[in-house]
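To start, the structure itself, in structure tokens.
Here, residue 1 is the first one in the sequence, and each next residue gets the next number.
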Amino acid sequence: RNRRLNSQSGLCAGNLELVDFDWVGPVRKGIGANLSVQQHAGRIRLSLHVDPRQIDCSVADELLDAYVEQLGSSHAKIPQA
């Protein structure tokens with residue numbers, strides 16, 4: 001198999017090109033949420049998968065918003081080279 005990484009377009013295999021993806025881990029019994037962080041093609045994606053029987057969707061939205069806000073404020077404190 002011939003695989004190559006191209007920072008502008010993604011992962012290539014033959015004539016197929018992966019330009020984007022969304023991966024979310026499963027919600028297992030007794031665990032109401034799964035937070036995933038992915039990095040691809042210079043972008044970071046956060047995904048939150050919840051069991052609505054255990055966690056209300058509005059609470060999940062608040063959790064994800066708070067996580068993104070914390071990441072943003074943490075990133076602002078990192079000295080830029």
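Contact annotation: the side chain of L35 never approaches that of L63 to less than 4.5 Å [non-hydrogen atoms, C-beta and beyond].
Residues in residues 46-64 take part in these salt bridge (Lys or Arg N to Asp or Glu O under 4.0 Å) pairs, two or more places apart or across chains: D51-R53.
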May I have the list of side-chain donor-acceptor pairs in residues 26-34 shorter than 3.5 Å, sequence neighbours left out?
from : atom 1 : to  : atom 2 : distance (Å)
N34  : OD1    : S36 : OG     : 3.3
N34  : ND2    : P26 : O      : 3.2

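Closest approach of I55 and A60 over heavy atoms only: CG2-N, 4.2 Å.
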Point to revise | Worked verdict on L46 versus L71 for side-chain contact (heavy atoms from CB on, under 4.5 Å) | key: CA-CA 11 Å; L46 301 173; L71 284 176; 3.7 Å; yes
